[in-house]
Structures are given as structure tokens and as C-alpha cells.
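Below is one structure, written out as C-alpha cells, with a few remarks after it.
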Amino acid sequence: MPMPMDYRLAAQDFDRFLTDVVEATGLTTRNQAYTTIQAVLICFRRRLTLREAIVFAQVLPAMLRALFVEDWDPDAPQATSWDRATMTEEVKALRVDHNFSPDTAIRDVASVLRRHVEAEAFERVLTRLPVPARDFWA
């Protein structure tokens, strides 16, 4: 079987994703965008069960899927609050001295992510997640 294209083009796809996040957030560098993306993914992941997280990861592009699971402690306590203000502060807390995530980071990353995933598969996965998890990506 040949190597799937999503793996062959993973770096290029991620580069386009970073560029789109810079534009959507008003950030100025790809490093800033990377921190914002990572923080949003970690924030979301912390609120899912292991099963839900694996289901969700299946529809992410290869590099985002890797970032989603990187340094994950599946035994860490699951966050329970889906309050947007609380989650926004959590996003901003990752590498706080180098984090320039805007207040709209979750919404901005969600908007860009939707343009970089297969829409039907993404929606199908979201229907398998709790309502607050679906709302996170709205």
C-alpha cells in the first residue's frame, strides 16, 4: 500500500494551517500561532474522556493529530467546566511568558480547523461527543 497523502503532505498542510491561524487571530508569527493551536487542543483534550479524544483525533490532519496527543497524561484529572471564559484563560496560561493568544483564540482556531478537515467526517465525529464539546468547535 502506498503511503497515504495526508502523511506525505503533513508538513505542508500544517504550514498552511499555521498561516491561516496567524491570519485569523491577528498574531504576527508562526511560533505564536503554534502556541495558540497547541493550547486550544490541550484545553479541549482535557475535557474529553480517553475514548472521546481518540474518536476526535481520527479526523484531525496528521500534524494536528500528533500535536493533540503529544505529552498527554491520560491519567490526569478530566476538566469539567466548559465555561468559555475559563477555557480562554486556560489557553492563555500555556507558556504564559510567550503566549499571545487573543481572547478569541478558541473561536479562531475552530474556524480555521473547520477549513482543514473533511467536513462530513468532522460533523459525524462531533455528534459522538457531548454537546459542550460540539459547541467548542462551533
Side-chain angles (χ1 to χ4, degrees):
M1 174 178 178
M3 182 188 320
M5 290 301 283
D6 58 332
Y7 291 118
R8 292 182 71 181
L9 302 175
Q12 294 166 338
D13 291 343
F14 189 61
D15 186 56
R16 282 191 292 275
F17 190 82
L18 284 168
T19 299
D20 288 353
V21 169
V22 166
E23 183 178 308
T25 58
L27 294 169
T28 57
T29 71
R30 295 159 45 81
N31 289 333
Q32 292 170 348
Y34 178 86
T35 294
T36 296
I37 294 162
Q38 184 181 32
V40 168
L41 291 174
I42 290 170
C43 175
F44 182 67
R45 178 183 79 193
R46 289 187 66 232
R47 287 156 173 79
L48 301 178
T49 65
L50 182 59
R51 180 196 143 307
E52 291 166 345
I54 290 171
V55 166
F56 178 76
Q58 300 306 309
V59 295
L60 295 176
M63 296 287 283
L64 291 175
R65 187 167 50 243
L67 188 57
F68 183 71
V69 300
E70 182 181 37
D71 296 327
W72 186 7
D73 176 4
D75 295 322
Q78 184 176 344
T80 56
S81 172
W82 289 91
D83 174 70
R84 187 59 62 130
T86 300
M87 292 187 298
T88 298
E89 289 308 311
E90 187 178 317
V91 165
K92 291 180 170 196
L94 179 70
R95 289 190 295 278
V96 71
D97 292 333
H98 303 281
N99 189 326
F100 298 91
S101 298
D103 290 342
T104 57
I106 295 170
R107 185 192 71 211
D108 297 340
V109 171
S111 173
V112 173
L113 180 64
R114 285 184 168 279
R115 296 193 310 260
H116 286 262
V117 295
E118 199 275 299
E120 284 184 33
F122 191 69
E123 290 303 324
R124 194 169 39 254
V125 161
L126 290 181
T127 64
R128 297 177 62 191
L129 300 178
V131 172
R134 288 181 237 156
D135 293 344
F136 187 94
W137 299 106

N/O donor to acceptor pairs below 3.5 angstrom from side-chain atoms of residues 63-73, sequence neighbours left out:
unit_1	atom_1	unit_2	atom_2	d
R65	NH1	L60	O	2.6
R65	NH2	Y7	OH	3.3
D73	OD1	D75	N	2.9

Under 3.5 Å, which donor-acceptor pairs do the side chains of residues 120-131 form with other protein atoms, sequence neighbours left out?
unit_1	atom_1	unit_2	atom_2	d
E123	OE2	R114	NH1	2.4
E123	OE2	R114	NH2	3.2
T127	OG1	R124	O	2.6

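Residue L18 holds its CG atom at 4.5 Å from CD1 of I37, rounded to the nearest 0.5 Å. Put simply, CD1 on I106 and OG on S111 are 13.5 Å apart, with the number rounded to the nearest 0.5 Å.
Put simply, V22 and F17 are part of two different groups of oily side chains (I, L, V, M, F, W, Y) that touch within less than 4.5 Å, one to the next.
Under the side-chain contact (heavy atoms from CB on, under 4.5 Å) criterion, N31 pairs with T29, sequence neighbours left out. For T80, there are no side-chain hydrogen bond (donor to acceptor under 3.5 Å, both in side chains) partners, not counting sequence neighbours. Partners of Q58 according to the side-chain contact (heavy atoms from CB on, under 4.5 Å) rule, which considers only residues two or more places apart in sequence or in another chain, are I54. For the ring pair (Phe, Tyr, Trp, His ring centres under 6.0 Å) test, no residue two or more places apart in sequence or in another chain qualifies with Y34. With sequence neighbours left out, S81 forms a side-chain contact (heavy atoms from CB on, under 4.5 Å) with D83, T86. Scored by the ring pair (Phe, Tyr, Trp, His ring centres under 6.0 Å) test, F136 finds F44 as partners (sequence neighbours excluded).
Counting only residues at least two apart or in different chains, side-chain hydrogen bond (donor to acceptor under 3.5 Å, both in side chains) contacts with residues 14-25 comprise D13-R16, D15-R30, D20-H116. Every pair passing salt bridge (Lys or Arg N to Asp or Glu O under 4.0 Å) that includes a residue from residues 94-103 is listed here, sequence neighbours excluded: K92-D103. Screening residues 37-57 for salt bridge (Lys or Arg N to Asp or Glu O under 4.0 Å) gives R46-E90, R47-E90 as the qualifying pairs, with residues at least two apart or on separate chains. Sequence neighbours left out, not one pair with a member in residues 86-107 passes ring pair (Phe, Tyr, Trp, His ring centres under 6.0 Å).
By the 4.5 Å heavy-atom criterion applied to side chains, D135 and W82 are not counted as neighbours.
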Side chain to side chain contact (heavy atoms under 4.5 Å, CB included) between V21 and D108, intermediate numbers included = CA-CA 7 Å; V21 169; D108 297 340; over 6 Å; no

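The shortest non-hydrogen separation linking V91 to C43 is CG2-CB, 3.9 Å. Scanning both residues, V117 and P61, for their nearest heavy atoms gives CG1-CD, 3.9 Å. Nearest heavy-atom pair across P102 and L27 is CD-CD2, 4.4 Å.
Test T28, T35, T36 against Q32 for side-chain hydrogen bond (donor to acceptor under 3.5 Å, both in side chains) and you get one pass: T28.
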